[in-house]
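So you know, we letter chains A, B, ... as the sequences are listed, proteins then strands, and number each from 1.
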Amino acid sequence: MNYPANKLYFPKFGWNGLLIVGDVPYDEKSVAAPFMQSHLGSLQILLKKSDILGLKGDCAFANICSQFPYKGLMNNLDQSIIDAELAQFNELINEIKPRFVLVLGRQTARYLFKTSDLEEERGAPFHSYNSIPTILSFHPKEIFRQYEMNIVAQSDFAKMRKIMMSGWEPAKWNINYQPTFQEVLSMLTKFLESKAPLSADIETGSDLRMTCIGLCYNTTSAIVIPFRIPGGRYWNEVEERAVWRLLAKVLETCPLLGQNSVHFDHFVLCIMHKIAPNFIGDTMLAHHEVYCEMPKSLGFINSLYLMNPYWKDVLREARSGKRPYVDEFEYCGKDTIGTLQGAIEIKKEFKELPPKAYEHYKFNIRVSRTFQYMGMNGVLFDTAKCNARIKELDEETKQRELELRVLAGKPNLNVKSPKQMIKWLYEDLKLPPKYIEKKQENGDSEMRETSDYLTLLRLAHEFPDRKELMLAAKLRKVYKRLSTLSTIRVRPDGRVGYAFNIVGTVTGRASAKKPLDKFGIQPQNQDRRDRDLFLGDDQWLKADLEGADAWTVAAMLEAMGDSTMMLDLKTGVKPAQILAIAQCFGSNLITLPAHELLEYKPRLKEIIKQEEVSRGPGKTIYDICKAESHGSNYGMGPQTGVDNIFIRSEGELYITPAQFKQAQLLYEKRYSKLIKLQEKMVSLLNSHGYLDAYSGNRRYFFGRRDNNTVREMLSQLPQAHTTYVTNLLLERLYYWPGNRQSTNRRKFIAAPANQVHDETDIMFKLGDLDQVREIFNKCCKNEIVCWGIKYTIPFEANYGPNWGDAHEEL
DNA sequence: TTCTGTACGTA
DNA sequence: CGTACGTACAGAAA
């Protein structure tokens, strides 16, 4: 074999048949062989962990490119050179005839197989070069940049070992995706009679109506019922009516499994087709319970747990006409099979977890119904008031626009354009550039000029004569607010809806977005000043968790032997208040017991009140202390802390990083175990690698063992616990029979309406106030045990006519 | 028309 | 190097 050593390493004493392919050499200097230095090191670890090293014989290594291109990027080479290298590589494959191929890295996949997105197709086996089983995975250098990928690469390598042991052929699936009328009727009838568990998946058109539905009844078989074909319907009118009638019965009575179905499919079936599907399981929610840090898509689930080839590229191609349209129906069938197979594999993973994890999964399935109810029901929107506000803000922008034009002398400056703003600041005004760090694809970070809000505030602070800076900053914010308001589309019934994803975040918080039909809002990031536009169905009840995150921080500290923070919270003084008291009345007070500090609270409140009048909201000593205590709890650096205070006070409160550090030291003097908590996280990371929340959810931390991961760990349990407590309230409000109207059991007395992490919003009629009080107090009870410490996170509930004006104490 | 980067809203 | 998100706009790529 006469290939240069920098192109191919071939084992001298026996080969196991596996060829591992990379893109380019290690660097300019280390070009003698493929995979050198640390790349070889991490590759060896992956091979060892997957036990490929335990197989007979060694692996062969190759690179597409035998030279190191500028910055390691192959597109910096002449096309002729790339062509020659690729030709030589193909020749090499033909000659050594590998039995298995592992392709590592984006560039490698792109140049060998035109893979546009490695992340998408990674981990799914396919046949290459005359049917050689092949898997794409990450290159060691990519893992080095994003260490969490390591665990995924391990799974890819383990899959390759399995293939090396027993070979690979794509499983034969039996998908009837162009069924006859009789076939559909007989299958649906059969499902109905046996009440068979089914996995279901729908495809929808741009109007959100179903194009087809897939129903899978065992791990390799599915039937797909098409409804829409290009330019028409699949069935004639009579047939279609019969199919829908039977299908609705099946969906409402058979136990259904789906993926993201408790949100997406449920919404479409309920709203567009008036069918209430009986989803009792969801692969995505199960996947979240097992590996909440990992990506959430069926493609990823397939790549992680299953041996199927990749199929998720088919849908787009079928719709764009690149493939026959019926491929969409087959695709739908594949999705249902993937969903069922995934569920079976994930169920096995649950056995490795405490039983509480599965309980939490079931809990989430239950609560998902509450979220669906809230999102689909939505809230009343005050369109008239909104229009008035838009007009008001429009005037404001016009005026500011004029002022800016005069001050800046630039008639056409668009403050919404980052490009134009940067040119204006640093070329026209010649101000000293401010930068933000930007990570590049090759892993280097680059400093890039920025014109964000913080930058404008800083420049305005440095150059007080340049009034146009502040003006531009404020103008841009008004534009943001204006665009949010003016893009709201309201349903015909005057309401705005939304959509939740109960497993939308790694910490277990729900994420939210605009509803699928676009008639609504993102309910979790509405501007405080515009919350009065969202009206209660009579009354709006707003229930906030009091000191939400702090309770869990306090519990962790108490578990480590310091109950100061817990006592403070129980006594009714918040850590930020104590910090403020110490800063106002003497730093020696920082060690005083909670009940003595209580006496200073009235005086502190007086100061805050005065400052609020003289400086405006968000600019008081308490606001500074809140930022300081929050930052200290989560390992924030002084610079970021200072920046946050600067931003929140609209550039008016400037404290130095040293002052911030001083406050942190004061804070740590009272809560001395805070530092130890960080150390404890490091040791937990080493000993277990995960954190268990009281809800039952376990989060594995796949990142590097560094400060970054420690900070993620510090925020995990506080977020997970506040989420659990909030969801517990929602679940009880939804399912407790005592919260239903006696005249109409389908209607709530206290109706769940929205959730913003530590805030729960509820609708009620003023006449029901006493009942609501009783129901709420019953449903909001909770008890958390964190690291052996028992505590309750209390709610503070207020109500009023709308979201923004809920000030009356419940 | 679709994708990416920047900026900014929430807890 | 706080954590966790989603959306709008500009401007480039397709």
Side-chain angles (χ1 to χ4, degrees), chain A residues 116-117 292-293 316 320 414-423 436-441 445-446 448-456 472-488 498-501 503-515 518 520-531 544-545 547-549 552-553 626-644 647-648 660 664 678 699 701 703 706-720 722-723 726 754-760 803:
Chain A
S116 61
D117 189 350
C292 61
E293 281 212 336
R316 186 186 292 216
S320 69
N414 181 358
V415 292
K416 287 175 283 186
S417 163
K419 206 181 163 190
Q420 288 183 36
M421 284 294 278
I422 283 170
K423 187 179 169 297
I436 49 163
E437 204 174 327
K438 186 86 192 69
K439 286 244 186 308
Q440 287 181 308
E441 213 203 316
S445 62
E446 186 195 53
R448 218 175 259 187
E449 286 177 345
T450 170
S451 63
D452 64 9
Y453 187 56
L454 176 62
T455 299
L456 291 171
K474 293 213 165 142
L475 182 58
R476 194 166 54 189
K477 286 210 172 219
V478 183
Y479 271 127
K480 171 78 183 171
R481 194 172 158 203
L482 200 49
S483 82
T484 307
L485 288 179
S486 47
T487 52
I488 295 177
Y498 21 90
F500 288 103
N501 178 1
V503 293
T505 80
V506 283
T507 56
R509 280 183 173 179
S511 67
K513 57 179 184 188
K514 283 199 167 184
K518 305 296 172 198
I521 55 160
Q522 207 291 43
Q524 292 182 328
N525 67 356
Q526 293 303 309
D527 198 304
R528 307 191 78 80
R529 292 165 293 184
D530 297 319
R531 292 190 170 182
D544 286 293
L545 285 175
D549 285 11
T552 295
V553 175
K626 245 179 14 193
E628 286 166 349
S629 86
H630 213 79
S632 307
N633 285 348
Y634 299 122
M636 187 191 281
Q639 186 59 56
T640 315
V642 166
D643 290 346
N644 282 345
I647 289 171
R648 291 190 77 90
F660 190 91
Q664 277 190 318
Q678 306 202 4
R699 174 170 170 193
F701 291 84
D706 61 7
N707 260 337
N708 210 23
T709 305
V710 169
R711 279 197 301 273
E712 286 171 3
M713 293 178 84
L714 285 172
S715 59
Q716 166 64 16
L717 293 182
Q719 288 199 9
T722 51
T723 304
T726 311
N754 190 16
Q755 186 258 39
V756 194
H757 309 309
D758 61 6
E759 170 190 332
T760 308
W803 196 3

Reading DNA chain C 5' to 3', what string of ( ), [ ], | and . shows its pairs, if Watson-Crick and G-U wobble pairs count only when both distances fall under 3.5 Å? ..|||||||||||.
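- Nucleic acid contact for Tyr453(A): sugar-phosphate only, since backbone atoms but no base atoms lie under 4.0 Å from a heavy atom of the residue.
- Contact between the side-chain N/O atoms of Arg528(A) and the OP1/OP2 oxygens of dA11(B) is found at a separation under 4.0 Å.
- Salt-bridge annotation for Glu759(A) and Arg531(A): present, with a side-chain N of the basic residue lying under 4.0 Å from a carboxylate O of the acidic one.
- In this model, the phosphate group of dG6(C) is approached by a side-chain N or O of Ser511(A) to a distance below 4.0 Å at OP1 or OP2.
- Interatomic distance, CD of Glu449(A) versus NZ of Lys419(A), reported as 13.0 Å (0.5 Å rounding).
- Under 4.0 angstrom from either OP1 or OP2 of dC5(C) there lies no side-chain N or O belonging to Asn501(A).
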Nucleotides 9-14 of chain C: protein proximity per nucleotide (B base, S sugar-phosphate only, - neither; heavy atom, under 4.0 Å): SSSS--
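- Counting any heavy atom pair closer than 4.0 Å across all strands shown, Ser451(A) reaches sugar-phosphate atoms only and no base atom.
- For Lys477(A) and dG9(B), the shortest distance from a side-chain N or O to OP1 or OP2 is below 4.0 Å.
- Using a 4.0 Å heavy-atom cutoff across all strands shown, Thr484(A) reaches no nucleic acid atom at all.
- Contact of the Asp549(A) side chain with the Thr722(A) side chain is registered, since non-hydrogen atoms from C-beta on lie closer than 4.5 Å.
- Partners of Ala512(A) under the side chain to side chain contact (heavy atoms under 4.5 Å, CB included) rule, at least two apart in sequence or in another chain, are Phe500(A), Gln522(A), Pro523(A), Gln524(A).
- At the heavy-atom level, Asn633(A) lies nowhere under 4.0 Å from the strands shown.
- The base of dA11(B) is paired with the side chain of Arg509(A) by a donor and an acceptor separated by under 3.5 Å.
- Within the nucleic acid shown, Arg531(A) comes within 4.0 Å of sugar-phosphate atoms alone, with no base atom in reach, counting heavy atoms only.
- Residue Arg481(A) is classed as having no contact, given no heavy-atom separation below 4.0 Å to the nucleic acid.
- With no hydrogens or angles considered, no side-chain donor-acceptor pair links Asn754(A) and Tyr498(A) at under 3.5 Å.
- Remark: the backbone N or O of Gln664(A) is not paired with any side-chain donor or acceptor of Ser632(A) at under 3.5 angstrom.
- At the heavy-atom level, Glu759(A) lies nowhere under 4.0 Å from the strands shown.
- A distance-only check finds a donor-acceptor pair linking the side chain of Asp706(A) to the backbone of Thr709(A) [under 3.5 Å].
- With dC5(C), dG6(C), dT3(C) as the candidates, the nucleotide lying closest to the side chain of Thr505(A) is dC5(C).
- Using modelled atom types and a 3.5 Å distance limit, the side chains of Glu712(A) and Asn708(A) yield no donor-acceptor pair.
- Between the side chain of Gln719(A) and the base of dT3(C) there is at least one donor-acceptor pair of N/O atoms closer than 3.5 Å.
- Atom-to-atom, CD1 of Ile521(A) to C1' of dA8(C) comes out at 16 Å; the value is rounded to the nearest Å.
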